[in-house]
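Just the heavy atoms: all of them, side chains too, but no hydrogens, waters or symmetry mates, feed the values below. Start at 1 and go down the list; that is how both ligands and their atoms are numbered.
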Amino acid sequence: MPSYKNNSECKGWPKDVGIIAIEVYFPSEYVDQGELETFDGVSKGKYTVGLGQTKMGFSSDLEDINSLCLTALSHLMERTGVGYENIGRLEVGTETIVDKSKSVKSVLMQLFEDSGNTDVEGIDTTNACYGGTAALINAVNWVESSSWDGRYAVVVAGDIAVYAKGAARPTGGAGAVAMLIGPHAPLVLESGLRSSHMCHVYDFYKPDLSSEYPVVDGKLSIQCYLSALDACYRTFSRKANARKDSAASPMSLEEMDALLFHSPFCKLVQKSVGRLAFNDFLNASVEEVPRTYHGLEAFRDKKLEDTYFDKDVEKAFLSYSQDIFLKKTKPSLLLATQVGNMYTPSLYGGLASFISNNTGESLAGKRVLLFSYGSGLAATMFSLRITDDVGPGSRLSELVSSLSDLHSRLNSRTEVQPHVFAETMKLREETHHKAPYTPVGKVESLFPGTWYLTQIDEAHRRQYKRRPLISINNASSVSSSSSNLVKESEFMSTDLLPQDV
Ligand code: ACO
């Protein structure tokens, strides 16, 4: 066990504040996207190739936002061995609202009861898929502030992403991520480099409080996502360039070892890598264009704002950035393609995937660029620097080994036929906000250690229980042999490039 127990070594201003540990929870059942294509009667390849999705995790009526976050937080605390008394701030990011007043954070405080610790700052933050990032920023800012009392912060991001029948349904998913935040972190948030883009738009929103489903303008949401990406990258680059001396080459994707994105569906992420390459191309000097972008000169007069649906630009830069995508982004899409859009945890599921597909040695000293997007809209780009300290017992090696069971956990899920998935969606629809209500889902189908809803009483009070836990503390001993790995054909099996590139 590494030295998670307290921050007592940290006298004075905290150094290297960031993410120390990550725990990911996803549902134990999934529907295959290829099977779903057949069931929905759409053309073969639409979800698997067109959207880049392989499987979609979903929850029965046994799980709600409180249970997902209870599970992720319990697992984080058990795996790290940090006592609840050592947490001074707990932030929750979610857009899955079951109560307009009572926060998910307040429900999570049940877990602190035995420790006697009620002195825990932080509360819920909501704005579509962005809440987790707002929570992370709050937590890091607290540790770096004069209010910090020396204890850890925890960020929990969780959501159940479900859509009404139709084109958006295959872009659902569900899950939660819990992250331990503090000084001397293996993943350090680089200070002074964050860039945000926030504005008012109705691309995806949830005005009907009696329904779990959003109102979504799919095309507009894609345009908003890509324009927020452009805006954040422009500001991030300006801030990065301001820190360099004049002789240094300007900010480009070259500087980053990994590019991670909020992933509504994997194809959009691949297009986003192409989009950033297009930004670099437009920013490149006249001399550099023929050297680095040979054959793309014809696009030099294009303007970012005119090209969100320009197929020629998209194809050219998808093709140009193919190797960058494979090297710097694809390893982060394991959970995105296997579980789907988890909303607020999506980006952090990407971070966990990226780590689980690497070794401590291959991660040491790397820089990671992250883009968070929440409709409505709120977006932030930031970067992480990974520590060089990768020795035995180091926090980086613990982080890597704690995530080494991701592949085997994904492989241990149960496949459910699309008609069962559709019936489950119908049941959730019909029973959403019903009180009193007793869930009818099968407890045996949940992973060991999963919290679940047992009852909602006539006053809408929710009760939870936990399936007995099989120790997850020995995660580092979980084999990551090739038999445990998600098969390459199932890890974004599809050629994500359009067929005609
Ligand atoms: N084989 C291969 N590709 C195919 C096939 C096929 N048989 N059929 C269609 N496709 C491709 C299309 O060409 C298209 O690709 P392109 O965009 O590269 O041209 C892609 O599959 C999607 O098909 P469309 O018909 O264009 O779109 P659809 O009507 O299915 O809607 C959408 C897709 C908009 C993403 C929908 O699922 C949606 O609204 N999702 C929710 C909103 C969302 O995720 N927005 C992103 C940001 S906001 C957020 O995070 C929630």
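The shortest N/O to N/O separation between Asp203 and ligand 1 does not fall below 3.5 Å. At under 3.5 Å, not a single nitrogen or oxygen of Tyr373, backbone or side chain, sits near a nitrogen or oxygen of ligand 1.
A salt bridge does not link Lys426 with Glu429: none of the charged nitrogens is closer than 4.0 Å to a carboxylate oxygen. Of the charged side-chain nitrogens involved, none lies within less than 4.0 Å of a carboxylate oxygen, so that Lys105 and Glu91 do not count as a salt-bridged pair.
Aromatic pair Tyr233/Phe236: ring centres not closer than 6.0 Å.
Residue contacts with ligand 1 include Tyr163, since one of its heavy atoms falls under 4.0 Å from the ligand. Residue contacts with ligand 1 include Lys311, since one of its heavy atoms falls under 4.0 Å from the ligand.
One N or O on the side chain of Glu37 and one on the backbone of Gly45 form a donor-acceptor pair closer than 3.5 Å. For Asp405 (side chain) and Ser408 (main-chain N/O), no donor-acceptor pair under 3.5 Å exists by modelled atom type.
Here the shortest heavy-atom distance to atom 50 (O) of ligand 1, taken over Glu95, Lys46, His262, belongs to His262. When Gly376, Ser43, Ala167, Pro264 are ranked by how near their heavy atoms come to atom 31 (O) of ligand 1, first place goes to Ala167.
Under a 4.0 Å criterion applied to the non-hydrogen atoms of Lys267, ligand 1 contributes the atoms 18 (O).
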